[in-house]
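Read the structure below first, then the notes.
FYI, the numbering just counts along the sequence from 1. As a basis for the values below, the full set of heavy atoms in this structure was taken, side chains included, without hydrogen atoms, waters or symmetry mates.
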Amino acid sequence: MVNASTKNNTVIITVTAKDESPVQAAAIAQSVAESLINAVDQLETPQTGESPVRLSVVSPATAPEFASNPNRSLVLALGLLTGLSAGLAVAFLRTTLDTRVRNDRDVARITDSAILGGVAYDADAEKKPLITQVGAQSSRAESFRQIRTNLKFAVVSATSKTMLVTSSLPGEGKSTTACNMAIAMAEAGNRVALVDADLRRPMVANYLGLEGSAGLTTALIGSATLSDLMQPWGQNELMVLTSGEIPPNPSELLGSEDMTMLLLELEKEFDVIIIDAPPLIPVTDAAVLGQRVGGVVLVAGSEKIRTQDLEKSISALEFVNAHLLGIVLNLLPTKGPDAYSYGYYSYESKPVSRKNQQGHAGSKALSGSHLETRRRGRRQEASFDDISTEASSNNALRT
């Protein structure tokens, strides 16, 4: 806690004290100096006459205003450097170790297939999955209009009006994407047929509020005609064929000749046929159907799928010579570094106000004492420069 030092060729002794309290540091330095004066007086008192050595305080210790340790500038610089290094390390590890697909750049590194569009994550989508349940000018509705526009160019070379919507894994939003694509195309004036061919976990009937006990499987086994099973939905020309009862052999039914004939019959009556199919990786249903349609739309859920899974799905489609129309990015984040790069600015219609219609618009102490403090647990230092020695001869005080 206490240090004493002298400079060469001087008679000044500097006493320095360190403590967590600046006042305590100054008091310690002052007390040590006074004790040293008393000790020298006792040691140097001759039996007769005055002592040849005399000490006195030249500069009393004062409480410092700033802590001597740590060096704030150095600490800030080291903190900045450490934070920058840690950030770069995290970014590097995330890039090399995290294989989740987050945005369009991740998809572009895997495949040259077109990105038909992206749909940002919406917390209300679970309760309101359809674009008809949100505002017509909402970003989600506009996303599907963009997908509809891009699909017009993607299907130019297709030989069939039928497109298959699938994903790599469950939970990526393929069924809601298929339903909203069908609604968006019907709103554009097309005669659209939506077929729920997910004969394992059918969801179209639940989303659209339709009867699902009779549908595709009913038609395939010949229990009812296609015209009797198609259900109209909405105010536009959208007809829906739900899944029907879940069969024990979905792959065989979807790969049968009856399924091919059913699709040909639908193509005679409708401009666009959209099929909601099971995911590619868990089952083979989508790959079987992919051979029989004009093109496949692959839904990729942001942070739901990894690059190796997406590569596996694309390879499965290529293996059966299915035509991949493009990829729809779903569940994209709206904030942060991976925020949806295709996000839409708000451009909703607003009523014009009446006003607008009318046209309106580390430190040293005083007196030479080296006093340094550190508050709240920091070491504090007070120095005491200040014992001068005088002697009748050239004697120096040693400490």
Side-chain angles (χ1 to χ4, degrees), residues 104 107 113-122 125 128-167 172-197 203-204 207-208 230 232-241 263 266-267 269-277 286 289-290 293-302 322-332 340-349:
D104 55 322
V107 174
S113 300
I115 297 178
L116 300 173
V119 183
Y121 172 77
D122 187 353
K128 300 178 180 179
L130 305 179
I131 58 175
T132 54
Q133 297 172 324
V134 296
Q137 296 176 338
S138 66
S139 61
R140 186 144 60 99
E142 190 60 37
S143 296
F144 283 100
R145 293 190 192 104
Q146 182 192 27
I147 294 170
R148 176 186 67 193
T149 302
N150 292 338
L151 275 173
K152 290 181 181 179
F153 296 97
V155 299
V156 169
S157 60
T159 57
S160 171
K161 300 177 182 179
T162 305
M163 65 181 70
L164 183 79
V165 179
T166 184
S167 62
E172 295 186 72
K174 65 170 184 63
S175 296
T176 55
T177 300
C179 292
N180 286 319
M181 283 173 53
I183 294 171
M185 289 185 176
E187 288 177 345
N190 298 301
R191 299 188 70 246
V192 182
L194 174 61
V195 180
D196 189 355
M203 296 298 296
V204 171
Y207 288 143
L208 300 179
M230 299 293 290
W233 190 90
Q235 299 178 352
N236 300 302
E237 295 189 71
L238 172 59
M239 301 292 288
V240 182
L241 180 63
L263 294 178
L266 287 173
E267 288 188 359
E269 299 294 331
F270 295 93
D271 301 324
V272 181
I273 299 94
I274 297 177
I275 301 177
D276 176 26
L289 279 173
V293 299
V296 177
V297 175
L298 184 59
V299 178
S302 175
H323 176 41
L324 180 59
L325 297 174
I327 296 173
V328 172
L329 287 167
N330 195 28
L331 307 175
L332 288 166
Y340 183 28
S341 58
Y342 297 108
Y344 300 97
Y345 294 99
S346 177
Y347 197 68
E348 299 184 6
S349 300

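The closest donor-acceptor contact from the side chain of Lys174 to the backbone of Val299 lies at 3.5 Å or more, if one exists at all. Under a 3.5 Å cut-off, the side chain of Arg140 and the backbone N or O of Pro129 do form a donor-acceptor pair. For Thr162 (side chain) and Gly294 (main-chain N/O), no donor-acceptor pair under 3.5 Å exists by modelled atom type. The backbone N or O of Val240 sits nowhere less than 3.5 Å from a side-chain atom of Trp233 that would complete a donor-acceptor pair.
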Output, in order, the C-alpha distance, side-chain angles, deciding distance and verdict of side chain to side chain contact (heavy atoms under 4.5 Å, CB included) for Ile274 and Met185.
CA-CA 10 Å; Ile274 297 177; Met185 289 185 176; 3.9 Å; yes
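To the nearest 0.5 angstrom, Glu187 atom CD is 9.5 Å from Leu238 atom CG. The CG atom of Leu164 sits 12.5 Å away from the NE2 atom of His323 when rounded to the nearest 0.5 Å. Atom CE of residue Met181 and atom CZ of residue Arg148 lie 11.5 Å apart, to the nearest 0.5 angstrom. Note that OG of Ser143 is 12.5 Å distant from CG of Leu116, once rounded to the nearest 0.5 Å. Here Asn330 contributes atom CG and Leu298 contributes atom CG; the two are 11.5 Å apart, rounded to the nearest 0.5 Å. Taken to the nearest 0.5 Å, the CG atom of Leu325 stands 11.0 Å off from the CD1 atom of Ile327.
Inter-residue side-chain proximity for Ile147 and Val119 is flagged as met; some heavy-atom pair is nearer than 4.5 Å. Counting only heavy atoms from C-beta outward, the side chains of Ile131 and Arg145 never approach each other to under 4.5 Å. A heavy-atom distance below 4.5 Å is not found between the side chains of Leu329 and Ser302. Residues Val272 and Leu151 are not in side-chain contact: their nearest non-hydrogen atoms beyond the backbone lie 4.5 Å or more apart. Annotation: side chain of Leu130 is in contact with side chain of Asn180 (closest heavy-atom distance under 4.5 Å). Between Asn190 and Phe270 the shortest side-chain heavy-atom distance does not fall below 4.5 Å.
Of all non-hydrogen atoms in Ser175 and Tyr207, the two that sit nearest each other are CB-CE1, 3.7 Å. Ala136 approaches Ala141 most closely through the heavy-atom pair O-CB, 3.7 Å. Residues Asp196 and Met203 come closest through the heavy atom pair OD2-N, 3.4 Å. Listed here is the closest heavy atom pair of Ala277 and Leu289: CB-CD1, 4.4 Å. Here the closest non-hydrogen pair linking Leu332 and Gly118 is CD1-CA, 3.9 Å. Leu331 and Glu172 get closest at one heavy-atom pair: CD1-O, 4.4 Å.
Screening Leu263, Leu241, Val165 against Ile275 for a side chain to side chain contact (heavy atoms under 4.5 Å, CB included) leaves a single residue, Leu263.
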